[in-house]
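Naming: A, B, ... by sequence-line order, numbering from 1 per chain.
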Amino acid sequence: VITYNAAITACGRGKRWKPAVELLQTMRTQGVVPDTFSYSAAISACKKCGRWEAALKLLREMQKGGLGRDRYCLNAAIAACASAGRWQPAVKILREMETAGPKPDVFSYSSVIDAMAEGGKLNMALNTLLEMRSNPARFPVPNTVCYNVVLKALSYGGRWREARALLREVAKGSLESETPDVLDYLSYNAVIWGCAAAGEVGKAFKTRGEMQDCGIDADAFTYEALVAACGMTGNWEAAEATVLTMPGATTGGV
RNA sequence: UGUAUUAGA
């Protein structure tokens with residue numbers, strides 16, 4: 001079984017959902033019974049290819065076969081809906097988990113928030129995040145991924161002010177409580193891109209400064225955003241100056 | 001052996 005499961009996972013990594021699903025059938029003809037590991041890997045393979053319906057079908061198949069559906073399978077199914085922007089089935093699975101178990105974890109919520117964001121329900125995604133934060137007795141504490149999903153959606157949805165406000169609020173909060181940083185380079189890059197895309201060059205650079213202040217290194221994606229922002233306003237001198245601040249810029253030749 | 005953001009070309 002473990003060998004088959006590893007093969008299904010490998011199909012997923014290669015974005016080959018069909019062979020992944022077919023392997024489940026192959027197992028049975030070989031007298032090997034697929035387990036929850038097999039299904040979570042196969043559902044995830046569907047997710048990687050945008051096949052949310054195939055993913056939900058596998059979930060139904062598990063139930064029909066009397067195989068208990070665990071968190072991994074349900075979370076993978078929510079993620080499959082998220083990648084395809086189908087927020088409604090994602091929410092439905094989450095609600096079922098809330099009422100009938102297994103109790104949703106932070107993976108379930110980050111995925112469902114992503115589903116809302118990808119499905120254009122940005123306010124719903126934001127509210128879910130805020131709800132998690134305000135009710136730690138009922139919900140898992142939102143982690144980096146939960147914030148990143150919302151920050152990215154706000155940023156790329158043109159709501160860079162809110163994205164920056166949330167970013168700064170979270171940064172301040174983790175500073176005050178001395179908790180390890182919840183934000184990472186993805187959080188900052190998303191907001192920097194959001195500012196850049198809106199032509200808010202100053203805010204983009206300011207956000208990069210805050211990124212440095214909390215010890216996160218700018219990467220190629222960060223510089224790309226900053227240069228794009230300068231380019232948008234036609235400020236080629238600033239763009240060039242930014243390029244020259246990149247590590248290795250003076251040794252790589254320009 | 002299995003699940004979430006990982007980028008906007």
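Under the salt bridge (charged side-chain N to carboxylate O under 4.0 Å, His left out) criterion, A:Arg164 pairs with A:Glu210, not counting sequence neighbours. Here A:Arg71 pairs with nothing under the salt bridge (charged side-chain N to carboxylate O under 4.0 Å, His left out) rule; sequence neighbours left out.
Contact annotation for A:Asp70: base contact, defined as any heavy-atom pair under 4.0 Å involving a base atom. If you check every strand for non-hydrogen atoms under 4.0 Å, A:Tyr39 touches nothing. No engagement by A:Tyr109 is indicated, since no non-hydrogen atom pair under 4.0 Å with the nucleic acid exists. Among the heavy atoms of the strands, none lies under 4.0 Å from A:Thr144. Nucleic acid contact class of A:Asn143 (heavy atoms, under 4.0 Å, all strands): base. Looking at heavy-atom distances under 4.0 Å, A:Ser110 makes contact with a base.
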Under 3.5 Å donor-acceptor pairs involving side-chain atoms of residues 86-94 of chain A, not counting sequence neighbours:
none

Listed pairs under 3.5 Å, donor-acceptor, residues 223-231 of chain A side chains, sequence neighbours left out:
none

Which donor-acceptor pairs under 3.5 Å do side chains of residues 46-69 of chain A form with protein atoms, sequence neighbours excluded?
| unit_1 | atom_1 | unit_2 | atom_2 | d |
| --- | --- | --- | --- | --- |
| A:Lys48 | NZ | A:Ser44 | OG | 2.9 |
| A:Glu61 | OE2 | A:Arg28 | NH2 | 3.3 |
| A:Glu61 | OE2 | A:Tyr39 | OH | 2.7 |

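Extent of RNA chain B lying under 4.0 Å from chain A heavy atoms, first and last nucleotide in 5' to 3' order, is B:rU1 to B:rA9.
Using a 3.5 Å distance cut-off with no hydrogens or angles, the side chains of A:Asp35 and A:Asn5 do pair a donor with an acceptor.
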